[in-house]
Amino acid sequence: MGHAGVAEPPSWWTRGRDRVWLPYAQMKTAAPPLPVAATRGSRIVLADGRELVDGVASWWTACHGYNHPHIRMAAARQLETMPHVMLGGLLHEPAARLATRLAALLPGDLGRVFFSDSGSVAVEVAMKMAVQFWINSGVRGRTKFVAFRGGYHGDTTATMAVCDPDDGMHRLFKGLLPEHLITDLPRDEATTAALDRLLGERAEEIAGILVEPLVQGAGGMLFHDAAVLARLRELADTHGTLLIFDEVFTGFGRTGAMFACAPAGQGGAGVVPDIVTLGKALSGGTLPLAATVASERVFQAFWSDDPMAALMHGPTFMGNPLACAAANASLDLFEREPRLDQVKAIEAQMADQLALCRDLPDIVDVRVRGAIGVVELDSIDIPALKARFVEEGVYVRPFGKIVYLTPAFTIGEDDLSRLTGAIVNVLGSR
Ligand SMILES: *Cc1c(COP(=O)(O)O)cnc(C)c1O
């Protein structure tokens with residue numbers, strides 16, 4: 001560990017680094033990307049042989065760790081029979097089985113599954129579904145969404161417009177983005193009354209309320225409790241609008257429950273939305289796959305003799321058989337292995353070990369929920385911290401004012417200690 005820059009980078013890296021436009025990166029000033037050769041469990045193997053303990057799990061997707069043999073074998077088997085076929089007029093076993101299993105896992109009658117290939121598109125589809133739900137129901141003019149400060153729902157045009165207005169890209173793309181109603185989560189009496197007023201005054205324009213339940217992820221890893229979601233359900237019902245949970249981040253165990261909308265007895269919030277979106281960990285972090293799942297009531301508004309009442313959407317690679325096979329294998333692992341217990345153990349260990357950060361200077365908050373550990377700072381030098389983490393042999397990517405961990409649920413106690421230890425060391429030696 002700690003020999004950064006000693007070995008020559010591989011030639012593919014030297015030739016290709018100026019060709020690949022990287023995400024969320026000022027290409028001129030950002031540190032060059034690390035050449036990665038392989039992944040293994042909760043490790044990232046660099047081209048020079050160094051191994052980094054991964055604290056990010058590739059944007060929270062690799063919930064079973066990288067290269068899980070069960071998922072690998074399922075994808076390999078599927079590759080032999082049918083890597084891809086379109087869902088236009090056709091249906092294959094991996095998609096049918098996955099939709100059946102998702103419907104059985106989700107609460108209430110959430111059970112009509114529309115597949116896509118990214119979380120952003122799953123959210124866009126949910127928004128289209130909600131708008132058309134009203135049109136199909138004979139109600140005109142409901143095209144706006146209520147969404148919340150601190151929220152993140154994706155990078156496409158429709159979804160940027162429902163992200164946090166300050167951290168999102170609202171200002172930059174003003175004129176392109178439709179304006180929605182972005183407000184505070186109903187955390188207390190005042191914010192609940194304000195939301196109630198807003199819904200009352202604008203009811204005729206509002207297609208739905210869109211929220212990341214329990215944890216607002218990419219907007220800053222902000223937590224709220226189940227009572228907030230119960231209030232949203234009640235307000236949506238009172239004002240006759242739809243409630244959409246964006247579980248692209250929270251789905252598949254990340255908060256300690258299989259879904260944030262799971263029953264309270266299963267660790268969830270016990271609040272059932274009308275539409276839920278899934279992505280990220282859906283395929284166990286192996287292939288792009290997302291889904292928008294509607295309740296029977298929402299689906300029934302599209303069930304008609306009128307062809308114009310159909311949901312007019314269809315991503316080319318929707319329901320890709322390889323991705324669905326991987327997702328089915330991922331669900332097998334949730335059934336066969338004690339994933340949610342592992343999340344509980346990770347939660348306890350992170351709470352214990354990250355607590356040491358509380359005594360360091362400029363720390364605003366330390367919070368842990370499920371397999372999400374967050375240290376929030378007053379101010380933060382992100383490039384310097386990123387480099388220091390690599391020196392410590394870990395892969396941790398701070399953003400905004402937070403340093404966070406969202407490890408694989410299969411991470412060993414020692415590797416998790418390496419991650420928390422590196423955070424304590426790096427933040428303690430600023
Ligand atoms: C990541 C994320 C998205 C966007 O998903 P992509 O696959 O990046 O398009 C949407 N909503 C939430 C809550 C997310 O965390």
Side-chain angles (χ1 to χ4, degrees), residues 21-25 56-63 114-130 145-164 167-170 177 180 182 185 208-224 228-229 232 243-255 257 259-261 268-269 273 275-293 313 315-320 323 326-327 330 369-372 374 397 399-400 402 404-406:
W21 201 328
L22 295 166
Y24 301 111
V56 185
S58 284
W59 282 324
W60 331 301
T61 60
C63 54
F114 190 94
F115 289 112
S116 55
D117 17 66
S118 77
S120 301
V121 172
V123 174
E124 291 227 20
V125 169
M127 294 171 75
K128 272 174 83 168
M129 248 181 213
F145 289 86
V146 171
F148 299 97
R149 289 205 179 83
Y152 174 82
H153 298 288
D155 286 353
T156 58
T157 306
T159 56
M160 270 194 291
V162 282
C163 291
D164 183 284
D167 296 341
M169 287 165 273
H170 291 237
L177 300 186
H180 293 291
I182 316 286
L185 279 169
I209 301 172
L210 173 61
V211 67
E212 294 165 86
L214 296 182
V215 179
Q216 294 176 300
M221 307 285 174
L222 305 163
F223 303 164
H224 57 262
V228 169
L229 301 171
L232 289 180
L243 181 60
I244 305 168
F245 280 2
D246 179 357
E247 293 226 35
V248 171
F249 177 83
T250 52
F252 305 100
R254 187 54 64 182
T255 68
F259 303 102
C261 64
I275 301 173
V276 65
T277 58
L278 304 170
K280 294 229 161 85
L282 173 54
S283 73
T286 52
L287 285 146
L289 186 67
T292 308
V293 187
H313 204 98
T316 303
F317 280 98
M318 74 180 287
N320 170 257
S330 172
R369 177 173 288 180
I372 309 163
V374 185
R397 272 176 71 85
F399 71 88
I402 66 167
Y404 74 94
L405 294 176
T406 51

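Whatever order the structure lists them in is the order used to number ligands and atoms, beginning at 1. Since the structure is predicted, the reported quantities are computational estimates derived from the model, not experimental observations.
- Panel note: side chain Ser120, backbone Asp155; a donor-acceptor pair is recorded below 3.5 Å.
- Heavy-atom proximity to Glu212, at under 4.0 Å, picks out these atoms of ligand 1: 13 (C).
- With a 4.0 Å heavy-atom cut-off, ligand 1 is reached by the backbone of Tyr152 and by its side chain too.
- The distance from the CZ atom of Phe115 to the CG atom of Asn320 is 11.0 Å, given to the nearest 0.5 Å.
- With atom 3 (C) of ligand 1 as the reference point, the heavy atom nearest to it among Val248, Leu282, Asp246, Leu278 is part of Val248.
- A donor-acceptor pair under 3.5 Å links the side-chain atoms of His180 to the main chain of Phe145, judged by distance alone.
- Side chain of Ser283 to backbone of Leu287: a donor-acceptor contact under 3.5 angstrom is found.
- Rounding to the nearest 0.5 angstrom, the gap separating the CG atom in Leu282 from the OG1 atom in Thr277 is 11.0 Å.
- Trp60 has its side chain out of reach of Phe252: every pair of non-hydrogen atoms, C-beta onward, lies at least 4.5 Å apart.
- Residue contact check: Trp60 has heavy atoms under 4.0 Å from atoms 15 (O) of ligand 1.
- When non-hydrogen atoms are compared, ligand 1 lies under 4.0 Å from the backbone of His153 (N, CA, C, O) but not from its side chain.
- Counting protein heavy atoms only, atom 14 (C) of ligand 1 is closest to Lys280 NZ, 3.0 Å.
- Among Gly219, Ser116, Gly119, Ala218, the residue whose heavy atom lies nearest to atom 6 (P) of ligand 1 is Gly119.
- Any N or O atom pair closer than 3.5 Å counts here, and Ser120 shares at least one such pair with ligand 1.
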